[in-house]
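Proteins come first, then strands; the chains are lettered A, B, ... in the order of their sequence lines, and each starts at number 1.
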Number of protein chains: 2
Amino acid sequence: MIVRQAANVLEILEYFARVKKPATLAEIADHFGWPRSSTFNLLTTLADKGYLYEPRPRAGYYPTPRWLVLAREVSEVEPLPAWSRALITSLSSETGETVAIAAPAGVMAVFIDVIESSAAIRYFAHIGHRVPIHATSSGRALLLQYSQDERDSLYRKIEFKQYNPSTPISIDAVEAELSKSVERGYCQSFADYSRDLAGVAVPLPIGERRLSVVVAGPEFRIGDRTAEIAATLKQSVERFRGK
Amino acid sequence: MIVRQAANVLEILEYFARVKKPATLAEIADHFGWPRSSTFNLLTTLADKGYLYEPRPRAGYYPTPRWLVLAREVSEVEPLPAWSRALITSLSSETGETVAIAAPAGVMAVFIDVIESSAAIRYFAHIGHRVPIHATSSGRALLLQYSQDERDSLYRKIEFKQYNPSTPISIDAVEAELSKSVERGYCQSFADYSRDLAGVAVPLPIGERRLSVVVAGPEFRIGDRTAEIAATLKQSVERFRGK
DNA sequence: CAGATAAATTCACCCATATGTACGTTTGCG
DNA sequence: CGCAAACGTACATATGGGTGAATTTATCTG
């Protein structure tokens, strides 16, 4: 069950991150198609707790720096090492594709750091983006770091959906793909989840954390370059990990 | 009306900012006294939207860096100038008290930047902290920048409460205090709102924005130093504004 | 490896809460 | 300056969502 008002708070934060200027109650209500009265209650709540204020009287609400303070506090703990960002930046410019670092989140993989390709046609992803752990290269690079037991209990929670023709829709299919990945030395996915999207990924354990790096872009650009990209990936990981 | 689930999202964020480590569903539920099932729904919602993840399987949830990304985006717009932070840092070390920059938020004043005193007994405030605009020195320094019309319409929304013996509980009382502030050249408050707390504040217009700076601490330390503190305040504002 | 214990998840029902409606206030325009 | 349209706010009510209890899943313990 989704908690609507909780999701709405996030919607509002995202809204402000997008428009980057104060918004009046009416604007917000209209934008989301929410009733004025409900919007009023929500904004009042956020303002009461010190998360919104009115930069200029009657010119609308805007988030206070409180968000930043709290976000900094939570993110300063166990930050990614400096080299991981250098790694994906370097990989992105070398390959010309979007590169991300993924972490497990139940049956999903979350991107916890992303460098987007600068190509016009590219994989559009952002930090916080979530993809099914079993149907993506980044996810499977995480699964490879699980024990068989851990994987088995995860599988039971997965709802196997046929996102695309090539989506693995059984435990066996996933396990088979994992075996193949071990053989070939890297994980890959060709539109197993997102249409037209191909990805190449490898595990990236950092300390206790099980992460993965993925290079992803349109199938026609990744196509037969997977081995080459995988080599670049591994090489770069080796090179940057030391630093 | 307060939107409970919206407030709960903020509570959770604050919780993680405090404990700075992953927390399981049970821990969170117990901490807040929420039913497990409700906590489950909330955490699931936040995780579904990519705001929480599980650093290690079964080791609990933790916020993703997504919060930081969004918070940065909203805060990068119209950031406070670099000198304003230097100003309050300097003021705090000169006076030994907590110093804050306040902005209007309806009938309240929000602190949008704060440097806390290092004294054991001090004014405890944080970014996002809110105080009544009419019953605090920081608030009144904001009111001074309003036109009479704007003030009048604000007054109608204020619910005059006797927080303390000295709280102004009428429009006239507030206006009188504002006049006195103009005469003496700065705003002050002696426990008009918070018990034992004294504050000295001056307006701080930055660009189009109407802000104020306040030096606040225990009455016994501020006591008869108000004039001196006000002088330091004004001097520092002059000095740093140029930079 | 049971058996016990604790945690996570599901579900249906009833109450808290989101909303439609109405009212007061502000703003924009002629 | 007066009127209209837009905006913000209050409140009662029906209904969507939070919760307690039941069920499943994981973890501990002897």
Side-chain angles (χ1 to χ4, degrees), chain A residues 1-12 22-48 52-62 104-108 146-159 171, chain B residues 1-9 11-12 22-49 52-62 104-108 146-159 171:
Chain A
M1 172 191 284
I2 250 200
V3 181
R4 192 121 74 82
Q5 293 294 32
N8 289 350
V9 170
L10 305 175
E11 294 286 346
I12 287 187
T24 63
L25 189 155
E27 281 170 341
I28 295 175
D30 292 348
H31 175 82
F32 291 106
W34 297 339
R36 293 264 162 105
S37 46
S38 316
T39 309
F40 175 73
N41 290 334
L42 230 197
L43 294 182
T44 307
T45 301
L46 292 179
D48 273 351
L52 291 180
Y53 75 117
E54 300 161 59
R56 321 203 49 200
R58 244 165 280 117
Y61 294 90
Y62 199 72
V107 299
M108 306 293 271
Y146 283 44
S147 71
Q148 189 64 54
D149 277 1
E150 289 175 314
R151 279 211 296 276
D152 287 340
S153 78
L154 236 190
Y155 289 148
R156 262 173 273 134
K157 297 184 192 159
I158 293 179
E159 185 198 353
I171 295 178
Chain B
M1 173 193 281
I2 253 199
V3 181
R4 194 123 72 83
Q5 293 293 33
N8 289 350
V9 170
E11 295 284 348
I12 286 187
T24 64
L25 189 154
E27 281 171 340
I28 296 176
D30 292 349
H31 175 83
F32 291 107
W34 297 338
R36 296 259 163 116
S37 49
S38 317
T39 309
F40 174 75
N41 291 335
L42 230 196
L43 293 182
T44 307
T45 301
L46 293 179
D48 273 351
K49 295 220 96 203
L52 290 181
Y53 75 118
E54 299 160 60
R56 322 202 47 199
R58 243 167 280 117
Y61 295 91
Y62 199 71
V107 300
M108 307 292 272
Y146 282 44
S147 71
Q148 189 64 54
D149 278 1
E150 290 174 314
R151 280 211 296 275
D152 287 340
S153 78
L154 236 190
Y155 289 149
R156 262 173 273 135
K157 297 183 191 159
I158 293 179
E159 184 198 353
I171 295 177

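The distance between atom CD of B/E54 and atom C1' of D/dA26, rounded to the nearest whole Å, is 14 Å. At whole-Å resolution of the value, CD1 in B/I28 and C1' in C/dA6 are 17 Å apart. Remark: C1' of C/dA18 and CZ of A/R4 are 8 Å apart, rounded to the nearest angstrom. Atom-to-atom, CG of B/D48 to P of C/dT9 comes out at 12 Å; the value is rounded to the nearest Å. One interatomic measurement links the two molecules: NZ of A/K157 to P of D/dT24, which rounds to 16 Å at whole-angstrom precision. C/dT17 atom P lies 17 Å from atom CZ of A/F40, rounded to whole Å. For the pair B/E27 CD and C/dA6 C1', the interatomic distance rounds to 13 Å; values are reported in whole Å. Spacing between atom CG of A/L43 and atom C1' of D/dC7 amounts to 13 Å, rounded to whole angstrom units.
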Using a cut-off of under 3.5 Å, enumerate the N/O to N/O pairs linking the protein to nucleotides 20-23 of chain C.
from	atom 1	to	atom 2	distance (Å)
C/dG20	N7	A/S37	OG	3.3
C/dG20	O6	A/S37	OG	3.0

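A/L154 and A/Y146 get closest at one heavy-atom pair: CD1-CE2, 3.6 Å.
Judged purely by distance below 3.5 Å, without hydrogens or angles, the side chains of A/Q5 and A/N8 pair a donor atom with an acceptor atom.
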Under the side-chain contact (heavy atoms from CB on, under 4.5 Å) rule, what do B/Q148 and B/D152 come out as? Steps first, then yes or no, please.
CA-CA 6 Å; B/Q148 189 64 54; B/D152 287 340; 3.3 Å; yes
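Mapping A/V3 and A/D30 onto DNA chain D by nearest heavy atom places A/D30 closer to the 5' end of the strand. In terms of position on DNA chain D, the residue among B/N41 and A/L154 whose nearest nucleotide sits closer to the 5' end is B/N41.
Put simply, CD on A/E54 and OG1 on A/T24 are 11.0 Å apart, with the number rounded to the nearest 0.5 Å. Summarising the geometry, atom CD1 belonging to B/I28 is positioned 12.0 Å from atom CD belonging to B/E11; distances are rounded to the nearest 0.5 Å.
Put simply, the side chain of B/T45 gets close to the backbone of A/V3: a donor and an acceptor are under 3.5 Å apart.
Within the 4.0 Å cut-off from OP1 or OP2 of D/dG18, at least one side-chain nitrogen or oxygen of B/Q5 is found.
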